[in-house]
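All residue numbers refer to positions in the sequence shown, counting from 1.
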Amino acid sequence: TMNQPNDLATMKNGILFASDPNWKNGNGKLWRINKDGSTHLLANNMGTTNGVEVSPNQKHLYVNESIQKIIWKIDLDTLGNISNKIKFIDFPDGGLDGMRCDKNGDLFVARYNKGVVLKISPEGKILNEFKLHGMKPTNVTFSKDEKKLFVTMQDKKWVEVINLE
C-alpha cells in the first residue's frame, strides 16, 4: 500500500522511518519499519511527505511536506511511536526536500527551487541560510566530523560541499 518510499531516517536502536509521497495527488504517508522488518503505517493523511529526520536525542521526528512547504515536529518514544504533531516551521514559497540534524539538534533543510540549505534551531528559528550554485537541492548529509555538509543537486547533477567551520 506504499506510494513510493522516498527519504529515510533511522533511530539509534535501528528503527527506520520512511516518507511516502504521492506527488500526483499531493498527499503522502509516513511509515515505521521495525528491526524485524515489520512495517507500520504511522500517518496516512499528510501532505506530500518528503524529508524525514530523527533528532539526536531520539525524542522528535521531523517530517516535511514538500508541496505544502511545512515541517512538522512530532514526539517520538523509544519504540518509534509518534504523538503530538506540531507545526515546526512553514514557508510561503519554494519546496522542501531532504533534512538532517547535526549533533546539537539543528536541522539542515534542502529548499528545492530556492537554491539554499537552511540551518534551523530545535526551537524553529532560522540560524543560517547557505546559498547554493543550483536551485534544486534534494538531500543533505554530514561528513563524520560535521565540518562539511554534502548537498545533492538535481539540476546541476553534482554534489555541492558546504564548509560549516
**Student:** Going by heavy atoms in the side chains, are Leu42 and Phe17 under 4.5 Å from each other?
**Tutor:**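 With C-beta onward as the side chain, the pair touches.
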**Student:** Taking the side chain as every heavy atom from C-beta outward, state whether Val151 and Leu149 have any pair of such atoms under 4.5 Å apart.
**Tutor:**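 Heavy-atom side-chain distance check passes, below 4.5 Å.
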**Student:** Using atom types as modelled, flag every donor-acceptor pair under 3.5 Å from a side chain in residues 126-141 to any protein atom, sequence neighbours excluded.
**Tutor:**
residue: His133; atom: ND1; partner: Glu160; partner atom: OE1; Å: 3.1
residue: Thr138; atom: OG1; partner: Thr152; partner atom: O; Å: 3.4
residue: Thr138; atom: OG1; partner: Thr152; partner atom: OG1; Å: 2.6

**Student:** CG/Leu164 to NZ/Lys119 distance, rounded to the nearest 0.5 angstrom?
**Tutor:**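 Going from the CG atom of Leu164 to the NZ atom of Lys119 covers 7.0 Å.
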**Student:** Looking only at heavy atoms, which two atoms of Ser38 and Asp36 are closest? And how far apart?
**Tutor:**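 Of all heavy-atom pairs spanning Ser38 and Asp36, the closest is OG-OD1, 2.6 Å.
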**Student:** Do you know which of Leu41, Asp20, Asn44, Ile82 makes side-chain contact (heavy atoms from CB on, under 4.5 Å) with Leu30?
**Tutor:**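 Checked Leu41, Asp20, Asn44, Ile82 against Leu30; only one passes side-chain contact (heavy atoms from CB on, under 4.5 Å): Ile82.
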**Student:** What pair of heavy atoms forms the shortest contact from Asn13 to Thr78, and how long is it?
**Tutor:**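 Looking at all heavy atoms of both residues, the closest pair is ND2-O, 2.9 Å.
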**Student:** Could you report the tightest heavy-atom contact between Thr48 and Asn22, atom names first, then the distance?
**Tutor:**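 That closest heavy-atom pairing would be CG2-O, 3.9 Å.
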**Student:** Distance check, rounded to the nearest 0.5 Å: Asn64 atom CG versus Arg111 atom CZ?
**Tutor:**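 Atom-to-atom, Asn64:CG and Arg111:CZ are 9.5 Å apart.
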**Student:** On a heavy-atom basis, which atom in Lys12 and which in Gln58 lie closest, and how many Å separate them?
**Tutor:**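 So the minimum-distance heavy-atom pair works out to N-OE1, 2.7 Å.
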**Student:** For the atom pair CD1 (Ile89) and CD (Glu123), what is the distance rounded to the nearest 0.5 Å?
**Tutor:**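 It is 11.5 Å, given to the nearest 0.5 Å.
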**Student:** Do you know which two heavy atoms are closest between Pro122 and Asp106, and how far apart they sit?
**Tutor:**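 Taking Pro122 first and Asp106 second, the nearest heavy atoms are CD-OD1, 3.3 Å.
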**Student:** Under the ring pair (Phe, Tyr, Trp, His ring centres under 6.0 Å) test, which residues partner Phe88, sequence neighbours left out?
**Tutor:**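 So Phe88 forms a ring pair (Phe, Tyr, Trp, His ring centres under 6.0 Å) with Tyr62.
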**Student:** Scan for salt bridge (Lys or Arg N to Asp or Glu O under 4.0 Å) pairs involving residues 44-72, sequence neighbours excluded, and state none if there are none.
**Tutor:**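 Residue pairs passing salt bridge (Lys or Arg N to Asp or Glu O under 4.0 Å), neighbours aside: Glu53-Arg100.
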